[in-house]
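Heads up: the structure comes next, in structure tokens.
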Amino acid sequence: MNIIRRRGWEMPERLATPEHMFLNRRAFLSTVTVGAAALSLAPGFAQAQRVTDQPDPSMDLYPAKRSEKFTLDRPITDEKINGTWNNFYEFNGTKNVVRQAQALKIRPWTIKIDGMVEKAMEVGIDDLVRKFPIEERLYRHRCVEAWSMAVPWSGFPMAKLVELAKPLSSAKYVRMETFLDKSIAPGQKQSWYPWPYVEGLTMAEATNELTFLVTGAYGKPVAKVHGAPLRLAVPWKYGFKHIKSIVRVSFTDKQPKSYWEDLQSSEYGFWANVNPEVAHPRWSQASEELIGTSERRPTLLFNGYGEYVAGLYKGLEAERLWA
Ligand code: MTE
């Protein structure tokens, strides 16, 4: 098990979380910390995890062919480091959430597509994942907490799902929702959080060629801790937009209020595009630490994806595009 110790750049959790919530969560987190410490001492854990999981029915789709189009300026983040440094508040509010995330049951898994569409539908993940060709893309990921990683995601462009859904011309936004199940996700028992986790995009963002629905990573089905079996990747936006374990995709004419915006709108908004020149109210966004290394790099406007997405925001300069 890889342990990542807190280094100078890592934000104490109280900086990334409103203080009253941080304090309220203390009792809960102390239990989690004990569990996490036990886990780090248990060499059999990874093995046990494999034995208890059912074989994933989509296993044959991976590794998918890598797209040549999306290249990295840094090495791919080590899989173990990436899989042991996560945000998945449904399970707990620390980075050490991989063990608790194993409680997520990813089959059967149904995605509801509804709202302003020609015909609402429900589709099982194994039908959905076989409707479109799966490809691998190397994407950078920039968390709002000033750390970053580089990941070989597999999946399909979100534009394909939009096409399948046949939205009405009056639909302006796509709203996505994560599962809600307190019996497996202890974080969801915390009523001061606005569950379920919600995120949203404009139709133009959802159909941009970079917008990717992730079903795999590192050459296999995506791990539970990264948001199996369906997760969003929008690499020019801060990491909290990358909603995990999606169960519902709705088309609407109202701008969706996302989980973090609902929780702390003074700090997190709808657009959340990466911009090194616009500081978070409590820390600078000028640079980022590559997790698993001691390297710090300057952060790039739109996380380096401006050629794909800058045009989406022409005429929207009055909006709060960078938070
Ligand atoms: N999706 C859900 N449902 N719950 C979460 O807590 N955290 C977000 C995002 N998606 C989160 C989520 C944040 S803040 C980040 S940075 C990324 O997931 C982290 O993805 P990773 O754990 O795979 O690195």
Side-chain angles (χ1 to χ4, degrees), residues 2-17 70-89 93-98 137-153 199 205 210-212 214 217-218 225-227 231-244 258-261 264 266-310 312-313 320-323:
N2 240 299
I3 314 287
I4 302 175
R5 280 180 295 130
R6 192 187 290 290
R7 289 165 297 210
W9 59 269
E10 288 168 13
M11 214 100 23
E13 194 180 47
R14 65 182 177 279
L15 289 187
T17 310
F70 307 100
T71 52
L72 294 175
D73 57 351
R74 58 195 71 180
I76 290 174
T77 305
D78 176 86
E79 185 181 353
K80 274 198 207 139
I81 288 172
N82 197 349
T84 50
W85 177 260
N86 303 96
N87 282 330
F88 208 160
Y89 278 75
T94 75
K95 296 288 178 282
N96 205 340
V97 62
V98 60
R137 294 185 178 186
L138 305 181
Y139 274 180
R140 293 184 294 274
H141 175 104
R142 171 59 159 81
C143 178
V144 75
E145 298 163 337
W147 54 263
S148 68
M149 58 187 187
V151 194
W153 297 125
E199 260 309 335
E205 290 176 327
L210 270 186
T211 307
F212 202 51
V214 168
Y218 294 95
V225 77
H226 291 306
R231 172 230 173 98
L232 181 69
V234 276
W236 73 99
K237 291 181 178 284
Y238 288 117
F240 65 86
K241 297 291 295 184
H242 300 222
I243 183 171
K244 297 180 169 184
S258 69
Y259 175 87
W260 284 103
E261 187 183 5
Q264 190 80 340
S266 59
E267 302 191 348
Y268 308 104
F270 173 76
W271 299 99
N273 296 314
V274 175
N275 187 338
E277 288 178 11
V278 180
H280 183 278
R282 290 177 287 137
W283 58 83
S284 162
Q285 295 292 25
S287 65
E288 63 203 50
E289 180 87 17
L290 276 54
I291 58 167
T293 75
S294 51
E295 198 184 337
R296 178 168 278 281
R297 292 213 183 182
T299 288
L300 304 170
L301 182 62
F302 291 117
N303 200 21
Y305 293 100
E307 63 175 297
Y308 296 97
V309 295
L312 294 173
Y313 306 103
R320 198 173 153 224
L321 294 174
W322 318 109

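Scope of the values below: all heavy atoms of this structure, side chains included, with no hydrogens, waters or symmetry mates. Note that the structure is predicted; figures quoted are calculated from it, not measured.
Summarising the geometry of Ala150 relative to Pro75, their closest heavy-atom pair is CB-O, 3.6 Å, with the distance given to 0.1 Å. Of all heavy-atom pairs spanning Gly269 and Arg320, the tightest one is CA-NH1, 3.9 Å. Nearest heavy-atom pair across Gly83 and His226 is CA-NE2, 4.0 Å. Residues Ser266 and Pro281 share a closest heavy-atom pair of O-CG, 3.9 Å. The two residues Ala233 and His242 have their closest heavy-atom pair at CA-ND1, 3.6 Å.
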Checking side chain to side chain contact (heavy atoms under 4.5 Å, CB included) for the pair Ile76/Tyr218: CA distance, chi angles, key distance, verdict?
-> CA-CA 10 Å; Ile76 290 174; Tyr218 294 95; 3.8 Å; yes

Practice item. Applying side chain to side chain contact (heavy atoms under 4.5 Å, CB included), run through Thr77 and His141 and close with a yes or a no. Key: CA-CA 10 Å; Thr77 305; His141 175 104; over 6 Å; no

Could you walk me through whether Lys95 and Asn86 satisfy the side-chain hydrogen bond (donor to acceptor under 3.5 Å, both in side chains) test, starting with their C-alpha distance in whole Å, then the side-chain angles of each, then the deciding distance to 0.1 Å, before giving a yes or no? CA-CA 5 Å; Lys95 296 288 178 282; Asn86 303 96; over 6 Å; no

- Start with the C-alpha distance between Thr84 and Val225, add both sets of side-chain angles, then the distance that settles side chain to side chain contact (heavy atoms under 4.5 Å, CB included), and finish with yes or no. CA-CA 8 Å; Thr84 50; Val225 77; over 6 Å; no

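Considering Arg297, Arg296, Arg142, Arg140 as possible partners of Glu288, the one that fulfils the salt bridge (Lys or Arg N to Asp or Glu O under 4.0 Å) test is Arg142. When each of Leu210, Leu301, Leu300 is paired with Trp236, the side-chain contact (heavy atoms from CB on, under 4.5 Å) condition holds for Leu210 and for no other. Checking Val274, Asn273, Asn303 one by one against Tyr238, the side-chain contact (heavy atoms from CB on, under 4.5 Å) holds for a single residue, Val274.
Side-chain atoms of Tyr89 and Trp260, non-hydrogen and from C-beta on, do get closer than 4.5 Å to each other. Gln285 is not listed as a side-chain neighbour of Thr299, based on a closest heavy-atom distance of 4.5 Å or more.
Residues Phe302 and Trp322 place their aromatic rings such that the two centres sit under 6.0 Å apart. The six-membered or imidazole ring of Phe70 lies near that of Tyr308, with a centre-to-centre distance under 6.0 Å.
Looking at Lys237 and Glu205, a side-chain N of the basic residue comes within less than 4.0 Å of a carboxylate O on the acidic one, giving a salt bridge.
Between Trp85 and Trp147, the ring planes lie perpendicular to each other; the angle is over 60°, past the 30° to 60° tilted range. Using the six-membered ring where Trp is involved, Tyr268 and His280 have ring planes that are tilted, between 30° and 60° apart. Aromatic ring orientation, Tyr139 versus Tyr305: perpendicular (interplanar angle above 60°, classes split at 30° and 60°).
In this structure a side-chain-to-backbone donor-acceptor pair under 3.5 Å is missing from Lys241 to Trp271. Formation of a donor-acceptor pair under 3.5 Å by the Glu289 side chain with backbone atoms of Ala146 is not found in this model.
Atom CG in Leu321 sits 10.5 Å away from atom CZ in Phe270 (nearest 0.5 Å). Here Met149 contributes atom CE and Glu79 contributes atom CD; the two are 12.0 Å apart, rounded to the nearest 0.5 Å.
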